[in-house]
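Chain letters run A, B, ... following the sequence lines, proteins first and then strands; every chain starts at 1. Everything numeric in this text was worked out from a predicted model, so none of it was measured.
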Protein chains: 2
Amino acid sequence: MAISEAEAVIMDVLWREAPRTAEDILAEVGPAQNWQEGTVKSLLNRLLRKKAVHAERDGRRYLYAPLLTREQYVQQESKGLLDRLFGGRVAPLVAHFSEQRKLSKKDIAELRKLLKELDDEQP
Amino acid sequence: MAISEAEAVIMDVLWREAPRTAEDILAEVGPAQNWQEGTVKSLLNRLLRKKAVHAERDGRRYLYAPLLTREQYVQQESKGLLDRLFGGRVAPLVAHFSEQRKLSKKDIAELRKLLKELDDEQP
DNA sequence: TAATGATGTTTACATGCGTAAATGCTCGCG
DNA sequence: CGCGAGCATTTACGCATGTAAACATCATTA
């Protein structure tokens, strides 16, 4: 089962720092997201069921930590999109953003650097 | 309201060629997707409600054509992912695929070409 | 010890999605 | 003219999601 968008918000908090209590998570995510305590608890439980996080008892509360890594998640998500929209190839995706003028100077510079590194890697 | 994945399959058919009848669409998509007639009709109706396609009567049947363009759709989808996963910036995304060794020779060549074109464009 | 507060667990409910069956409408044929 | 074939529209149903209220549990304190 896939991680939903709301669930991913919780994961994000845990990826930034873990383990964390539900209270911590609520504090960090509640205001921005306008979520109540119950909402966060529910999401945590669904993530537990999906084996995406692990909970360890710590006295009266639980400490939650991610099981699914951010890398894994990003991998799944971006591969899905890439396959669906760009035939699984990266260049067309970048071309798309390029056409939309969505490449910043910084992006371009970094891309250039990246390509150079690839050059050096396998001469 | 967003276009769902199943709906996007229908859009894909219409983007390839339009206008088309429901029958055409079923013929093209049914076998691969294992969808019945009713399924395609439902999806078409949801797309109508979402104003993503337009239907024009043609005798006893309808001809369906996309209103939402593929460009618009790709734009929405990829921007969503980019924002959620890579802080809205393209370079980190490419770096991600690079780390995963998901850049083909061809990708690299095309990226290089793309960057060169950007160079020439604004000297 | 009984009430209170802190936590977690269960249940709920509206909405959207995937999938399709049931129903409705209309045109041409017998 | 009434009927069936061909389409479209409505309704259905189970499951995921977003959001949260209700309920359960247990330690602490009055």
J.: Using whole Å, report how far CD of A/E23 lies from C1' of C/dT7.
T.: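 Spelled out: CD on A/E23 to C1' on C/dT7 is 10 Å.
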J.: Write down the atom of B/D107, the atom of B/K102, and the distance for their closest heavy-atom approach.
T.: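 So the minimum-distance heavy-atom pair works out to OD2-O, 3.9 Å.
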J.: Starting at the 5' end of DNA chain D, which residue's closest nucleotide do you reach first, A/I3 or A/G38?
T.: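 Between the two, 5'-proximity favours A/I3.
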J.: Picking from D/dA20, C/dG8, D/dT19, which would you name as closest to the side chain of A/S42?
T.: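 Output: D/dA20.
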J.: Which atom pairs link the protein and nucleotides 23-30 of chain D when you take only N or O atoms and keep those under 3.5 Å?
T.:
residue: D/dA27; atom: O4'; partner: A/R60; partner atom: NH2; Å: 2.9

J.: Nearest-Å distance, CG (B/L44) to P (D/dC7)?
T.: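 The answer, rounded to whole Å, is 14 Å.
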J.: Please state whether the phosphate of C/dG18, meaning OP1 or OP2, lies under 4.0 angstrom from any side-chain nitrogen or oxygen of B/W35.
T.: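 Indeed not, no polar side-chain atom of B/W35 lies that close.
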J.: Quick one: is B/T39 getting a side-chain N or O under 4.0 Å of the C/dA20 phosphate, OP1 or OP2?
T.: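 Yes, such a contact exists.
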J.: Can you tell me how far C1' of C/dA6 sits from CG of A/D24, to the nearest Å?
T.: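 About 14 Å, once rounded to whole Å.
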J.: Rounded to the nearest 0.5 Å, what's the gap from OH on A/Y64 to CE on A/M11? Could you check?
T.: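 Rounded to the nearest 0.5 Å, the OH-CE separation comes to 13.0 Å.
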J.: Roughly how far, to the nearest 0.5 Å, is the CG atom of A/L26 from the NZ atom of A/K41?
T.: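 The distance works out to 8.5 Å.
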J.: Rounding to a whole Å, what distance do you find between B/N34:CG and C/dT19:C1'?
T.: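 One finds 11 Å between C1' of C/dT19 and CG of B/N34, rounded.
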J.: Is there a donor-acceptor pair under 3.5 Å between the side chain of B/T39 and the backbone N or O of B/W35?
T.: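 It does not hold such a pair.
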J.: Please state how far atom CD in B/E7 lies from atom C1' in C/dC17, giving the value in whole angstrom units.
T.: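 In whole Å, C/dC17 C1' lies 8 Å from B/E7 CD.
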J.: Counting only distance, no hydrogens or angles, is the base of C/dG18 paired donor-acceptor with the side chain of B/R46 under 3.5 Å?
T.: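 A donor-acceptor contact between them is present.
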J.: With distance as the sole criterion, do the side chain of A/R49 and the base of D/dT17 form a donor-acceptor contact below 3.5 Å?
T.: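 Side chain to base: no pair present.
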J.: Looking for any heavy atom pair under 4.0 Å, which part of the strands does B/A2 touch: base, sugar-phosphate only, or nothing?
T.: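 Since only primed, P, OP1 and OP2 atoms lie under 4.0 Å of B/A2, the category is sugar-phosphate.
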J.: When the distance from CG of B/N45 to P of D/dT11 is rounded to whole Å, what number comes out?
T.: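 One finds 12 Å between P of D/dT11 and CG of B/N45, rounded.
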J.: C/dC17 P sits how many Å from B/I10 CD1, rounded?
T.: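 Atom-to-atom, B/I10 to C/dC17, this comes out as 14 Å.
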J.: Is it true that A/S42 and A/N45 share a donor-acceptor pair across their side chains at a distance under 3.5 Å?
T.: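 Their side chains do not contain a donor-acceptor pair, so the 3.5 Å distance test is not met.
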J.: Reckon B/D58 touches a base, only the sugar-phosphate, or nothing at all at heavy-atom distances under 4.0 Å?
T.: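 Contact class for B/D58: none.
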J.: Of B/K50 and B/Q36, whose closest DNA chain C nucleotide lies nearer the 5' terminus?
T.: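 Result: B/K50.
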J.: Which of these nucleotides, C/dG16, C/dT7, C/dC17, is closest to any side-chain atom of A/E37?
T.: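 Closest nucleotide among those given: C/dT7.
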J.: Nearest to the side chain of A/K41 - D/dA16, C/dG8, C/dG18?
T.: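 Of all the options, the side chain of A/K41 is nearest to C/dG8.
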J.: Examine C/dG18: is either OP1 or OP2 under 4.0 Å from a nitrogen or oxygen in the side chain of B/S4? Give yes or no.
T.: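 For C/dG18, OP1 or OP2 has a side-chain N or O of B/S4 closer than 4.0 Å.
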J.: To the nearest 0.5 Å, tell me how far A/L114 CG sits from B/L103 CG.
T.: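 Answer for the CG-CG pair, A/L114 versus B/L103, is 7.5 Å.
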J.: Roughly how many Å is it from CG in A/L26 to P in C/dT7, rounded to a whole number?
T.: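 To the nearest whole Å, that distance equals 11 Å.
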J.: Side chain of A/Y62 only, please: which of D/dT17, C/dG8, D/dT9 is the nearest?
T.: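 Ranking D/dT17, C/dG8, D/dT9 by closest atom to the A/Y62 side chain puts C/dG8 first.
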J.: Rounded to the nearest 0.5 Å, what's the gap from CZ on A/F97 to CZ on B/R89? Could you check?
T.: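 It comes to 12.0 Å.
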J.: Could you check B/H96 against B/L85 for side-chain contact (heavy atoms from CB on, under 4.5 Å), going step by step and ending with a plain yes or no?
T.: CA-CA 10 Å; B/H96 166 78; B/L85 300 186; over 6 Å; no
